[in-house]
J.: 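This is the structure I have questions about; it appears just below.
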Amino acid sequence: MKVLIIGSGGREHAIAEKVSLSNEVSAVFVCPGNPGMKKMIPEIKLEAISASDIEGLLNFAKKEKIGLTIVGPEATLSLGIVDLFRANNLLIVGSTQKASLLETSKSFAKKIMNEAGVPTAGFSEFFQAEAALAYIESLKNTKMVVKCDGLAAGKGVVVCLNKTEACEAVNALMKDKLLGENVDHIIIEDFLEGVEVSAFALCDGDSFSFLGTACDHKRLLDGDLGPNTGGMGVFSPASVYSAEDELWVNENVFTPMLSAMKKNGSPFSGILFAGLMKTRHGWAVLEFNVRLGDPETQVLLPLIEEDLLPWFRASAEGNILGLQNKLGSTSPKKLNLVGVHVVMAAHGYPGTEGVKVRSGDIIEFNKNFKPSNKDYLFFAGVEKSGLELVTKGGRVLGISSIEENFSKARKNAYDLISQIHFDGAQFRRDIGSGQV
Ligand code: AMP
Ligand code: GLY
């Protein structure tokens, strides 16, 4: 089977790496991919079609007789690529445009969670700044969270320590339009305190298989300081997530969400990524994403022992073909190891407060840079300049290491990171610290 992967980041590199290992795969195409992927997996083919050109992707998939397409970014899903491919009888892993609302609309996600009885923070929604400000004034002076309803490239969530900060956030978003003209719908949520875990389920519309957990490090700097980023590193699995927690979340989050989505006329297929918080009162969902995480995928997939292709195919086939499905009864077998992934980002990333994110820095590796078969180098924001790989802004690359314990994995990952150089490189030195 020929497989097409859509996207260009470290997540898509990790998917390409895993899928390339499958005996069932004759060729792997990545659109648009990045030249670092090609350097690491020479047999893959890159095709310069943008992840937002869904008609172009469809034509390519038809021309190449692609057997299975796997979508990385949420933006591509929210354009309706899954609906388009299915209408053309092509198998694709991902959520439909309507089901993608779970990520693209926070208020839609909240309503489905309430219908499904899934625990989440209490919330109110607003379409006008005045109403939101009056609501904040009516509350006790506590922490609260102001969120844009739609996709906001990770900048749409403001955790506020008090009423003053909440009013400032509402004004910035709705009156001053700091994130753009289209912010006219926000929600204000109760603040929850606890430990955050990302949990991943591969779904087929009816059932799901659990893929694993990871803990992201969203802030730029050590000690969870500095601006929010897409994620500067992860470790997996989450040590706070016991076997009982897994059962509980499966029964009280994933199962009822799939039933509620089906009832709502938008069965959920693809990857359901639950952003969870373990609070004093138990688990609560902070948000859903409809895709694999980046950089979570870069440790999740290396920790899966089995060939993932049959599982992806089962997700894409769902019940459409009326087949006995693989998902639901079991989950892909995992290695009895743990993983740490450290991201190296470009100078200026994430570009908050007018800082320019730099491109064009040459990426160099020491002569003794020799990853073992338990280490992985995944490329993200890179491009070719002549014969050299140079930075292209954002998160540039990352190292994953899988080992029998976190201290070994962390040591291996950081040993390799110390042998990679580019001007202005930023990385955290505390990914997975405190994990044994
Ligand atoms: P989200 O995009 O909704 O996951 O929010 C981004 C980050 O904001 C989360 O990873 C949390 O750290 C924080 N956050 C979101 N919602 C809440 C909440 N209700 N209480 C506390 N922190 C939150
Ligand atoms: N690393 C967080 C995300 O992929 O949304």
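For ligands, and for the atoms within them, numbers begin at 1 and follow the listed sequence.
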J.: From the options Val159, Thr279, Val158, Ile187, select the one whose nearest heavy atom is closest to atom 14 (N) of ligand 1.
T.: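 Going through Val159, Thr279, Val158, Ile187 one by one, Val159 has the nearest heavy atom to atom 14 (N) of ligand 1.
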J.: Before we go on, tell me: are the rings of Phe29 and Phe60 under 6.0 Å apart, centre to centre?
T.: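 For Phe29 and Phe60, the ring centres are under 6.0 Å apart.
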J.: I'd like to check Phe406 versus Val340 (side-chain heavy atoms, cut-off strictly below 4.5 Å). Are they in contact?
T.: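 Yes, close enough: below the 4.5 Å cut-off.
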J.: Run through ligand 2 for me and note each protein residue having a heavy atom under 4.0 Å from it, chain first, then residue number.
T.: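 Contacts of ligand 2 under 4.0 Å: Asp216, Gly230, Phe273, Asn289, Arg291, Gly293, Asp294, Pro295, Glu296.
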J.: Which heavy atom of the protein is the closest neighbour of atom 21 (C) of ligand 1, given with residue, atom name and distance?
T.: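 Checked against all protein heavy atoms, atom 21 (C) of ligand 1 sits closest to Leu192 O, 3.1 Å.
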J.: Among protein heavy atoms, which lies nearest atom 12 (O) of ligand 1, and at what distance?
T.: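 I find the closest protein heavy atom is Glu196 OE2, 2.4 Å.
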J.: What are the two closest heavy atoms between Gly293 and Phe273, and how far apart are they?
T.: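 That would be CA-CE1, 3.5 Å.
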J.: State the atoms of ligand 1, each with its element, that fall below the 4.0 Å cut-off from a heavy-atom position in Lys147.
T.: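 Those qualifying, in numeric order: 3 (O), 15 (C), 16 (N).
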J.: Just checking, is any N or O donor in the side chain of Asn252 or Trp283 under 3.5 Å from an acceptor N or O on the other one?
T.: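 No - no donor-acceptor pair under 3.5 Å links their side chains.
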J.: Record the part of Asp190 in heavy-atom contact with ligand 1 below 4.0 Å; permitted values are side chain, backbone, both and neither.
T.: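 Under 4.0 Å from ligand 1, Asp190 contributes backbone atoms alone.
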J.: Taking the six-membered ring for Trp, are the ring centroids of Trp248 and Tyr241 within less than 6.0 Å of each other?
T.: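 Aromatic pair excluded; centres sit 6.0 Å or further apart.
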J.: Closest heavy-atom contact between Val396 and Ile363?
T.: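 Between these two residues, the closest heavy atoms are CG1-CD1, 3.7 Å.
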J.: Tell me the contacting part of Glu193 for ligand 1: side chain, backbone, both, or neither, using a 4.0 Å heavy-atom threshold, strictly below.
T.: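 No part of Glu193 is near ligand 1 at this cut-off.
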J.: So between Val145, Val146, Thr120, Val157, whose heavy atom ends up nearest atom 7 (C) of ligand 1?
T.: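 Answer by nearest heavy atom: Val157.
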